[in-house]
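Counting begins at 1 with the first residue of the sequence. All of these numbers come straight from a predicted model, not from anything done at the bench.
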Amino acid sequence: DLAARGVARFGPDGVRLSDATRGGVDCFDVHPVPSGVLVSDIANDRVDLYDPVLGTPIQSFVLTDFPEQIARRRNGNLLVVAYLANEIVEFTPEGAVVRQLPITNLGRGVVELGNGNLLVSSGGGVREIDSLNGDVIRTVRLGEGFRFVDRANFGSNCVYAGCDEGGDLTGDCAVDL
């Protein structure tokens, strides 16, 4: 909802059901969890848990500078990339911070790979990093414009890295691993 800068719920028929957030929130990403909806709020530099029906905040979780993509790890913990803080924050579903991993080049997206490492997109490209200390394992692609990353299966195990500018070599906004 661009006017309110919030999150709205819609039914399968496209009818608006309710506002999942209300006023003063500048949502960058939304991630459903059993207890509600996690929202990365770039205006207030935090990740909040909202009641998806009432649109009211339940709890503030992570405080970090310009939180972008939220992703779930296989162990149940959550990750949020902090664009201006140059870090990835791992936290439990209850909101306790597990670790803060330093990254470079204005992080934007993150997804956990099958080997437990993290694939991170940033202003400088896409890199695989160690999930315990943030060390770079390898550079997958250099370039600008990469955004969120996620897993997609097109008949083989690959990870998709959405982009909007020069980082995509083939024009399909995918980084095939």
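- The two atoms that bring Pro67 and Ile42 nearest to each other are O-CG2, 3.1 Å, heavy atoms only.
- Val98 and Leu132 sit in two unconnected hydrophobic clusters of ILVMFWY residues. Membership requires side-chain heavy atoms under 4.5 Å apart, directly or through other members.
- Applying the ring-ring contact (aromatic ring centres under 6.0 Å, His included) test to pairs two or more places apart or on separate chains, none has a residue in residues 105-144.
- Annotation: side-chain contact (heavy atoms from CB on, under 4.5 Å) contacts of Gln69 (sequence neighbours excluded): Asp29, Phe148, Val149.
- Glu68 approaches Ser40 most closely through the heavy-atom pair O-OG, 2.9 Å.
- Nearest heavy-atom pair, Asn86 versus Gly107, reported as atom, atom and distance to 0.1 Å: OD1-N, 4.1 Å.
- Contacts of Arg72 classified as salt bridge (Lys or Arg N to Asp or Glu O under 4.0 Å), with partners at least two apart in sequence or in another chain: none.
- Taken from CG in Leu38 to CG in Asp48, the straight-line distance is 9.0 Å, to the nearest 0.5 Å.
- Within the 4.5 Å cutoff, side-chain heavy atoms of Glu87 are placed close to those of Thr64.
- Here Ile137 pairs with Asn117, Glu128, Asp130 under the side-chain contact (heavy atoms from CB on, under 4.5 Å) rule; sequence neighbours left out.
- Going from atom OG of Ser122 over to atom CZ of Arg108 covers 7.5 Å, rounded to the nearest 0.5 Å.
- Residues passing the side-chain contact (heavy atoms from CB on, under 4.5 Å) test with Asp65 are Asp45, Leu84, Ala85, sequence neighbours excluded.
- In this structure, Arg138 CZ and Arg127 CZ are separated by 12.5 Å, a value rounded to the nearest 0.5 Å.
- Annotation: side-chain contact (heavy atoms from CB on, under 4.5 Å) contacts of Val120 (sequence neighbours excluded): Ile88, Ile103, Val110, Leu118, Ile129.
- Taking each heavy atom of Arg73 and Arg99 in turn, the nearest pair found is NH1-NH1, 4.1 Å.
- Follow the hydrophobic side-chain contacts under 4.5 Å out from Leu63 and you never reach Val80; the two are in separate clusters.
- Of the possible donor and acceptor atoms, one in the side chain of Ser121 sits under 3.5 Å from a partner among the backbone N and O of Gly109.
- No donor-acceptor pair closer than 3.5 Å links the side chain of Thr139 to the backbone N or O of Arg141.
- Side-chain contact between Phe28 and Asp41 is absent, with no heavy atoms from C-beta onward closer than 4.5 Å.
- Remark: the backbone N or O of Gly95 is paired with a side-chain donor or acceptor of Thr92 at under 3.5 angstrom.
- Linking ILVMFWY side-chain heavy atoms closer than 4.5 Å, directly or via other members, places Phe61 and Leu79 in two distinct hydrophobic clusters.
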